[in-house]
There are 2 protein chains.
Amino acid sequence: MKNIYMIGVGLIGGSLAIDIKKKYPDVVIHGISRKDSTLEEALALNLIDKKASLDDIENADMVIISIPVDATVKLLPSVLDKISDTGLVVDAGSTKAAICACVENHPKRRNFLAMHPIAGTEHSGPSAAIEGLFVGKTNIVCEVEKTTFKLQEKALELFKSIGMRIRYMHPVAHDKHIAYVSHLSHISSFMLGKTVIDKEKNERDIFDMAGSGFASTVRLAKSSPEMWTPIFKQNKDNVIETLEEYIINLTHFKELMKEDNFDAIFDEMKSTNYIKDILKGIS
Amino acid sequence: MKNIYMIGVGLIGGSLAIDIKKKYPDVVIHGISRKDSTLEEALALNLIDKKASLDDIENADMVIISIPVDATVKLLPSVLDKISDTGLVVDAGSTKAAICACVENHPKRRNFLAMHPIAGTEHSGPSAAIEGLFVGKTNIVCEVEKTTFKLQEKALELFKSIGMRIRYMHPVAHDKHIAYVSHLSHISSFMLGKTVIDKEKNERDIFDMAGSGFASTVRLAKSSPEMWTPIFKQNKDNVIETLEEYIINLTHFKELMKEDNFDAIFDEMKSTNYIKDILKGIS
């Protein structure tokens with residue numbers, strides 16, 4: 001592997017570039033972005049070696065797409081049109097069903113691998129890229145049987161070499177479960193932030209009272225709307241289902257409080273403490 | 001100041017003991033707890049110098065009460081009965097109105113100072129005590145005018161010396177605002193944990209998909225129900241109000257998704273990104 005093209009050089013693409021370059025110093029990382037200013041920033045930060053454009057993709061051994069998922073669905077078929085027979089296109093999107101569907105009947109489907117490296121922070125853009133972001137994290141790979149064996153093997157070797165463990169999952173199952181363990185967290189956090197800001201916006205001093213618990217719970221409300229709106233759109237039905245269940249649980253908790261049923265409130269919390277065991281191993 | 005009695009030697013009491021001992025090596029820290037096993041643990045961890053009982057309080061220069069807030073309301077009047085004229089009782093509870101009310105007409109009200117050091121983690125008990133927990137954190141002091149000047153001065157000097165900044169607030173205002181910036185976060189986190197556990201409890205592999213975002217958002221769901229049930233009970237009206245507003249905001253978000261109004265979804269998130277500025281400085 002010699003030439004890797006990163007379409008999108010933000011938090012995910014940029015962090016991948018750092019770790020890949022570290023493991024494979026001879027690889028040339030080419031950056032592609034809608035905006036030249038983003039590429040200039042990525043160059044200045046040493047995330048990429050060279051600027052490139054979509055027309056150069058025929059020279060790629062591997063293309064990694066890390067852009068908003070609506071843009072991926074639009075762009076992926078034409079990227080796959082351009083890839084050479086020995087090249088591989090992978091995407092790192094947070095949804096998988098729509099992305100897999102958009103190339104389902106593409107003549108070069110076997111040159112594509114769908115994945116979701118589950119790693120990130122609440123920051124975005126090239127300056128958010130950090131070393132070691134993927135160490136110990138899970139990479140969900142979808143429809144692996146639809147990719148040329150040798151090509152998927154090469155890709156998974158690369159992702160394992162930067163510290164990821166691989167899990168295989170159907171794209172529809174991925175979208176259903178990720179709605180619970182990732183998408184819902186983002187909405188709960190955004191709406192928590194909104195609720196507090198709406199109430200306290202004229203009383204800035206109040207935020208002196210906010211401790212590390214609040215900071216942790218609203219951290220995801222700093223996330224990029226440009227990235228997250230298309231995710232919620234593509235995963236609409238699953239996300240609505242999680243939201244409905246979450247609202248039912250919150251309403252039930254509120255009703256228990258109104259009824260002064262604090263024994264039940266205690267039990268609700270006690271049984272959820274079990275999350276301790278579940279979270280062991282997630283940093 | 002020579003003898004400090006800690007009623008409660010868990011996360012807050014234990015962490016205070018560590019930092020006070022470090023700043024004032026000559027102070028003798030006496031531990032009081034319902035359970036002897038807790039005191040033995042605190043001794044073994046070097047959080048306290050000696051075990052004591054409520055009968056010893058007449059010898060205290062300062063008593064710091066860090067126990068569940070319902071227990072504080074029950075115990076505080078009798079502790080104040082026992083304190084010497086030159087001794088001070090402070091409490092570190094997460095609610096302030098009921099605690100201030102329970103000693104409002106106490107003949108020794110001037111020997112009591114109500115405070116809420118806003119610091120903590122999701123862990124509890126003596127083993128959760130850590131050094132430096134209070135550095136850079138806010139200590140809310142209520143009804144300072146009701147405490148003997150010299151005694152409050154001594155207490156605030158102590159809390160400043162371990163790194164805290166002091167803010168003054170009416171107990172009713174404290175309970176209203178803390179419901180937004182602390183109590184609501186805990187419920188949003190507990191119910192997020194519950195929603196995901198209910199859905200995924202038979203599919204443990206799914207938690208491989210949970211990333212650091214989920215971990216951060218449900219961190220507070222590890223908190224102690226013994227500590228939090230009485231807080232929600234004492235602050236019932238304020239907490240119900242915050243929950244109602246939170247549920248309205250979540251329902252609105254869900255309705256926007258159902259209507260495919262993703263421009264509005266984008267705007268909701270964009271305007272909440274403002275939380276970045278607010279959170280600056282909170283670790």
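Here is how names work: the chains are called A, B, and so on, in the same order as the sequence lines, proteins then strands, and each is numbered from 1.
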B:Ile140, part contacting chain A, at a heavy-atom distance under 4.5 Å:
side chain

Please look at B:Glu226 and chain A and tell me whether the side chain, the backbone, both or neither of the residue comes under 4.5 angstrom of a heavy atom of that chain.
both

B:Ser216 backbone acceptor or donor facing A:Ser216 side chain under 3.5 Å
yes

Carboxylate-amine/guanidinium contact A:Lys258 B:Glu244, below 4.0 Å
yes

Strictly by modelled atom types, are B:His183 and B:Asn238 linked by a side-chain donor-acceptor pair under 3.5 Å?
no

Select one option (side chain, backbone, both, neither) describing which atoms of B:Glu255 are under 4.5 Å from chain A's heavy atoms.
neither

Let me know if B:Thr251 has heavy atoms under 4.5 Å from chain A in its side chain, its backbone, both or neither.
both

For the interface with chain B, which of A:Glu122, A:His252, A:Arg165 has the highest count of heavy-atom pairs at distances below 4.5 Å?
A:Arg165

Atom group of B:Ala119 that falls short of 4.5 Å from chain A, counting heavy atoms
neither

Per-residue contact mode, B:Ile275 against chain A (heavy atom under 4.5 angstrom):
both

Pick one of side chain, backbone, both or neither for B:His116, based on which atoms fall under 4.5 Å of a heavy atom in chain A.
neither

Segment of B:Thr121 engaging chain A (4.5 angstrom heavy-atom cut-off)
neither

